[in-house]
Amino acid sequence: MRGLAVASPLPPAAAAARRWTRASSSARETGSQCWKYDLSQDRSLGGSLRIGQSQGCLHKHHSTNLLRPAAAAISVEQDEVNTYLPKGDMWSVHKFGGTCMGTPQRIQSVADIVLGDSSERKLVIVSAMSKVTDMMYNLVHKAQSRDDSYMIALEEIFEKHMAAAKDLLDGEDLARFLSQLHSDVSNLRAMLSAIYIAGHATESFSDFVVGHGELWSAQMLSYAIKKSGAPCSWMDTREVLVVKPSGSNQVDPDYLESEKRLQKWFSRQPAEIIVATGFIASTAENIPTTLKRDGSDFSAAIIGSLVRARQVTIWTDVDGVFSADPRKVSEAVILSTLSYQEAWEMSYFGANVLHPRTIIPVMKDNIPIVIRNMFNISAPGTMICRQPANDNGDLDACVKSFATIDNLALVNVEGTGMAGVPGTSSAIFSAVKDVGANVIMISQASSEHSICFAVPEKEVAAVSAALHVKFREALAAGRLSKVEVIKGCSILAAVGLRMASTPGVSAMLFDALAKANINVRAIAQGCSEYNITVVLKQEDCVRALRAAHSRFFLSTTTLAVGIIGPGLIGGTLLNQLKDQAAVLKENMNIDLRVIGITGSSTMLLSDTGIDLTQWKELLRKEAEPADLANFVRHMSDNHVFPNKVLVDCTADTSIASHYYDWLKKGIHVITPNKKANSGPLDRYLKLRTLQRASYTHYFYEATVGAGLPIISTLRGLLETGDKILRIEGIFSGTLSYIFNNFEGTRTFSDVVAEAKEAGYTEPDPRDDLSGTDVARKVIILARESGLRLELSDIPVKSLVPEALASCSSADEFMQKLPSFDQDWAKQRSEAEAAGEVLRYVGVVDAVNQKGQVELRRYKRDHPFAQLSGSDNIIAFTTSRYKEQPLIVRGPGAGAEVTAGGVFCDILRLASSLGAPS
């Protein structure tokens, strides 16, 4: 009978244990423990293979020995226990992953860290060198695929470890390791050759091959530690850790048997420092196996539990556990502590914390796990432990972290025939199980009318087909209305131990999502409340993650700002933002980032924020051609910040026409531009309806009174139930200045020229004197008061003489204006004779549902006659303020106050998004 015998660990497959028998006496006579695998019982191989434990090596049946085994073999002898295995706080366990063991220099750094630990006893678990496990799996794949290049790949692995050893070790230690390495590689070459011939590798053969990476890294580290003079032994954990398969590519530790074997191992090799292999173990039948992918963390936790260690430290390449994926949330922070349950939940939802099962062994013995960065030893890391009671009720602190899972599909099974019918859920998930799909989340309406669940998108086609087959009759009869598949979904999970005892957590989460304009498809929360899970569109996932993280974990409210129109008002606003940004961030936790500035010809874009100390220079040197569509796309596609606002500082009608589309995209809008709110009524109503129906905000305080709180005062009156009777005011700072100074012997044309020179008027003063700007403010207030009026419904008394309306230029108008000074002087004289003054006012008559703009006369003791400079004044006559109108007065013109009004709206938006008010 054909066969091979290998001097290596015992039978490599639990399921195939019945095929293993003791080898012939010729093998045993050499002092070996040999096992023969009956290949005749394995159709995939077709021959026999025997594996032996001795000073011999891989050899053909009845042939001489060739190689030494890859590692110390598993002991099954009943040795007398001579040395007691101590347990307790004297032990500290360290685990170093492949990245930490990636180069000779890093292995030496690991040795230094271990030697620097002051614990009485240390147990060090190591993974294979970086990428080696993948390379070993690739070896097996190539061999069973009969790809001859497996020999070259094996040679590369050999060269990698030989070079590392030569760089790290010297003298006898180097010679010993290289001798063992040569022996192991020769043994692997023969094993892979057998796999190549058979065209198949059993799981145990594969595990045996792959486990060599850990064997070699453990030996190198142990020699590196010995170089310093510290006593150190290395442990092949296949001799100690015993596990049993539990299905679904998982294993469960046998703690009792593992403890016995560890005691036996320690009795033979007692040492203060033990370097052990991670990832690999054996079954109760002494068959080599692994703890599956990423199992080295699990190894460390199991061994930590066996020795009742004081602490298990997992060394990696990050400073600890983040509050969210730092690649998606730049503001994510390192958590100082996590509870076992929180770490478990985070692992389930894909956070890069630990192997999901690592928590189980340490949790039962209350052993803390610390995640630390080998490349930044000064960082304290994150401690995972049994969380102490904390009754501070802090909403921000009760949610520890956020995690996401992408590429999911939501399956919705719906129908009135499901309600009250036992076994429906069982039938649904039985069908899902039959196709081997993994259910990530389940949500069911209390009416039992529908059940929805999330599965990986790659599995949803099979799930849908199985459900349609399972419920074919119910669908045909109408008991089930549909089996619906919604692709392109993601899960966002908020994780925190104290969510169960803290009211308002769910409300805060959904409020943050709503304010970021995120639609939630499904919700799930267990009664333990360790996590709240929501399903949403995958395209919204990063924005949702940032919005939720910002609302809960960070107290900072971040706003990405786009400025349209960096002219007089826009430029002044940018300078105000520059001067105040640091104060707002420090005192109010508001982080304002201007990520775009666009004018009519050029624009400046940034993903994270423009340096406002040099925005003018950057706009001149680094700008690109202006394109409003690209500018808005830059804002909406930015996933760094969940909250975005466009600030329109122009007076452009075409730009105002885009507000509706911007709000639909979830971008907030702030503007002093009056064109949108005073334009066609149907467009205004459509805009306000959208704004009220969504969590996207539209603020326009500066459209009426620059920096004066006119709109907010009017809204406050209406929202508290007051009834507007009349609004009357001097709404134009320009015309206020003109008539406040049109007194004594001064001519009207001189005052207008002075106002123009001082910058109070538009370049063409007719734009102010026409009264159109006042009419727009009147129509805005009328609509805010509930009147449905068009701009054309407002009669306007223009101050521009009809004869001058057709002047071709502002200069021509100013030259001809003095010819009308006598008419103006006459009106002033008549008013003064009656003890009155001239004022240009706008009126909203809410009772008669009309408005008007005209020049009126007021007694000298009237509030409107008491103004100075360019002050505005507005009087609200309401049901509550009927006898004595509510007066709002102050500067109503100028870039500083208008920009200040816009700035106030930005802060009002930040407050509505969660910033402290």
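Predicted model, so just to flag it, every value in this text is computed and none were measured.
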Please check this pair: side chain of [X] against backbone of [Y], looking for a donor-acceptor N/O pair closer than 3.5 Å.
| X | Y | result |
| --- | --- | --- |
| S732 | V774 | no |
| S911 | L907 | no |
| H697 | H668 | no |
| S736 | D871 | yes |
| D821 | S749 | yes |
| D591 | K585 | no |
| Q866 | R860 | yes |
| D768 | E762 | yes |
| K675 | A651 | yes |
| Q576 | E896 | yes |

Side-chain contact, heavy-atom cut-off 4.5 Å: [X] with [Y]?
| X | Y | value |
| --- | --- | --- |
| Y660 | K686 | yes |
| T747 | P818 | no |
| E784 | R688 | yes |
| I710 | E701 | yes |
| D648 | V669 | no |
| L574 | K616 | no |
| L646 | H658 | no |
| H634 | M603 | no |

N/O donor-acceptor pairs under 3.5 Å from side chains in residues 834-842, not counting sequence neighbours:
residue	atom	partner	partner atom	Å
E836	OE1	R857	NE	2.8
E836	OE1	R857	NH2	3.1
R839	NE	F864	O	2.9
R839	NH1	F739	O	3.3
R839	NH2	N740	OD1	3.3
Y840	OH	K797	O	2.5

Looking at [X] and [Y], what are the two nearest heavy atoms and their distance?
| X | Y | result |
| --- | --- | --- |
| D540 | R543 | OD1-NH2, 3.0 Å |
| D611 | T613 | OD1-OG1, 2.6 Å |
| L787 | V844 | CD1-CG1, 4.0 Å |
| S678 | L791 | O-CB, 3.9 Å |
| G851 | I794 | CA-CD1, 3.8 Å |
| S657 | R683 | CB-NH1, 4.1 Å |

In chain order, what residues pass the salt bridge (Lys or Arg N to Asp or Glu O under 4.0 Å) check against [X], with sequence neighbours excluded?
| X | value |
| --- | --- |
| R726 | E728 |
| R620 | none |
| K674 | D773 |

With side-chain contact (heavy atoms from CB on, under 4.5 Å) as the criterion, how do K578 and Q614 come out once you've worked through the C-alpha distance, each side chain's angles and the decisive distance to 0.1 Å?
CA-CA 10 Å; K578 174 196 68 177; Q614 49 181 335; over 6 Å; no

Between the side chains of [X] and [Y], does any donor sit under 3.5 Å from an acceptor?
| X | Y | value |
| --- | --- | --- |
| Y659 | Q691 | no |
| D722 | T720 | no |
| D652 | S654 | yes |

Rounded to the nearest 0.5 Å, how far apart are [atom1] of [X] and [atom2] of [Y]?
| X | Y | atom1 | atom2 | answer |
| --- | --- | --- | --- | --- |
| I597 | L604 | CD1 | CG | 5.5 Å |
| I779 | R783 | CD1 | CZ | 5.0 Å |
| T598 | I563 | OG1 | CD1 | 11.0 Å |
| T898 | F903 | OG1 | CZ | 15.0 Å |
| S798 | L769 | OG | CG | 7.5 Å |
| D845 | S785 | CG | OG | 11.0 Å |

If the test is side-chain contact (heavy atoms from CB on, under 4.5 Å), which one of S808, S809, C807 qualifies with D811?
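The residue from S808, S809, C807 that satisfies side-chain contact (heavy atoms from CB on, under 4.5 Å) with D811 turns out to be S809.
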
Please list, chain by chain and in numerical order, all residues satisfying side-chain hydrogen bond (donor to acceptor under 3.5 Å, both in side chains) with R633, sequence neighbours excluded.
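Partners of R633 by the side-chain hydrogen bond (donor to acceptor under 3.5 Å, both in side chains) criterion, ordered by chain and then number, come out as N630.
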
Determine whether L687 and N677 satisfy the following criterion, side-chain contact (heavy atoms from CB on, under 4.5 Å), listing intermediate values before the conclusion.
CA-CA 9 Å; L687 185 62; N677 286 12; 4.3 Å; yes

Salt-bridge criterion met for [X] and [Y] (N-O under 4.0 Å):
| X | Y | value |
| --- | --- | --- |
| D823 | K826 | no |
| K664 | D661 | no |
| E719 | R715 | no |
| K859 | D861 | no |

Under the side-chain contact (heavy atoms from CB on, under 4.5 Å) criterion, do R766 and M814 qualify, and how do the steps go?
CA-CA 10 Å; R766 285 176 294 181; M814 293 303 296; over 6 Å; no

side-chain contact (heavy atoms from CB on, under 4.5 Å) evaluation trace for W824 with V752
CA-CA 12 Å; W824 282 108; V752 173; over 6 Å; no

Can you run down the ring-ring contact (aromatic ring centres under 6.0 Å, His included) pairs that involve residues 560-591, sequence neighbours left out, and say none if there aren't any?
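Applying ring-ring contact (aromatic ring centres under 6.0 Å, His included) to every pair that reaches into residues 560-591, excluding sequence neighbours, yields nothing.
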
